[in-house]
Amino acid sequence: VQLQAFGGGLVPPGGSLSLSCAYSGQTFRPYIMGWFRQAPGKEREFVALITWDGRRISYADAVKGRFTISRDIAKNTAYLQMNSLKPEDTAVYYCATDSRRYNTGTTFTARGYEYWGQGTLVTVSS
């Protein structure tokens, strides 16, 4: 299974970016897709998740009301729409997926995801 993330870049504070993450793997059926981020000198942190059936969506408190996660089943792709970006959103953003269903708490951590994309850099700066 391979994941490819796209869409990072430089954006001024208050701006928007849309990230996408496509998975490949003919026999792979994801249960969940998540976005994490890692800022310089900090640990990787949870940003948002969506179950592939769309029934469960969760966000980190820091991004609630500004970020929106979605998925397109036909395109094997998850998206992260980021609005009202702040300098503290600057980080490398990673998408991740797993076919297994873990308990809720685990899905907010890296342990809940077996496959990871390469990361895409988002820089929020004027």
Side-chain angles (χ1 to χ4, degrees):
V1 176
Q2 290 188 329
L3 296 174
Q4 285 193 310
F6 301 96
L10 174 64
V11 61
S16 297
L17 275 178
S18 181
L19 306 182
S20 62
C21 176
Y23 77 85
S24 61
Q26 287 186 339
T27 61
F28 181 72
R29 296 293 181 267
Y31 168 71
I32 193 168
M33 293 283 279
W35 287 96
F36 289 74
R37 67 186 182 186
Q38 187 166 16
K42 295 189 177 181
E43 294 186 353
R44 190 172 300 190
E45 64 176 4
F46 166 77
V47 175
L49 66 83
I50 184 169
T51 52
W52 209 240
D53 61 8
R55 293 181 179 179
R56 179 176 165 232
I57 292 175
S58 293
Y59 298 96
D61 288 343
V63 307
K64 278 181 183 176
R66 300 188 298 121
F67 290 13
T68 302
I69 190 171
S70 61
R71 88 277 184 261
D72 186 326
I73 294 173
K75 295 183 178 180
N76 294 348
T77 300
Y79 304 94
L80 186 68
Q81 177 64 40
M82 305 184 294
N83 298 328
S84 302
L85 283 161
K86 305 175 181 180
E88 51 264 43
D89 294 318
T90 295
V92 176
Y93 283 71
Y94 298 90
C95 59
T97 188
D98 204 300
S99 60
R100 295 165 292 185
R101 183 173 182 169
Y102 292 101
N103 62 51
T104 298
T106 300
T107 61
F108 296 137
T109 73
R111 292 184 293 111
Y113 303 84
E114 180 174 6
Y115 303 104
W116 291 79
Q118 80 282 12
T120 184
L121 177 62
V122 172
T123 303
V124 184
S125 175
S126 54

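- The local environment of CD in E43 is sparse, with at most 12 non-hydrogen atoms from other residues, nucleotides or ligands closer than 6.0 Å.
- Between W116 and F36, the angle of the ring planes lies from 30° to 60°, which puts this pair in the tilted group.
- Taken to the nearest 0.5 Å, the CG atom of L19 stands 13.0 Å off from the OH atom of Y94.
- Between the side chain of R56 and the main chain of T51, no donor-acceptor pair closer than 3.5 Å is present.
- Separation of atoms CZ (F108) and CG (L49) is listed at 5.5 Å; rounding is to 0.5 Å.
- Under 4.0 Å is where a charged nitrogen must lie from a carboxylate oxygen, and between D89 and K86 no such pair does.
- Nearest heavy-atom pair across R29 and Q26 is NH1-O, 3.1 Å.
- Listed for the T90 side chain is a donor-acceptor partner under 3.5 Å among the backbone atoms of V124.
- For residues 28-94, the set of pairs meeting the disulfide bond (SG atoms under 2.5 Å apart) definition, not counting sequence neighbours, is empty.
- Once rounded to the nearest 0.5 Å, the distance linking CG of N76 with CG of L3 reads 10.5 Å.
- Each salt bridge (charged side-chain N to carboxylate O under 4.0 Å, His left out) pair with one or both residues in residues 110-126, not counting sequence neighbours, appears once here: R100-E114.
- Listed for the Q118 side chain is a donor-acceptor partner under 3.5 Å among the backbone atoms of A5.
- Aromatic rings of Y115 and Y23 (six-membered ring for Trp) have centroids beyond the 6.0 Å cut-off, not under it.
- Among pairs with a residue in residues 45-79, none fulfils disulfide bond (SG atoms under 2.5 Å apart), at least two apart in sequence or across chains.
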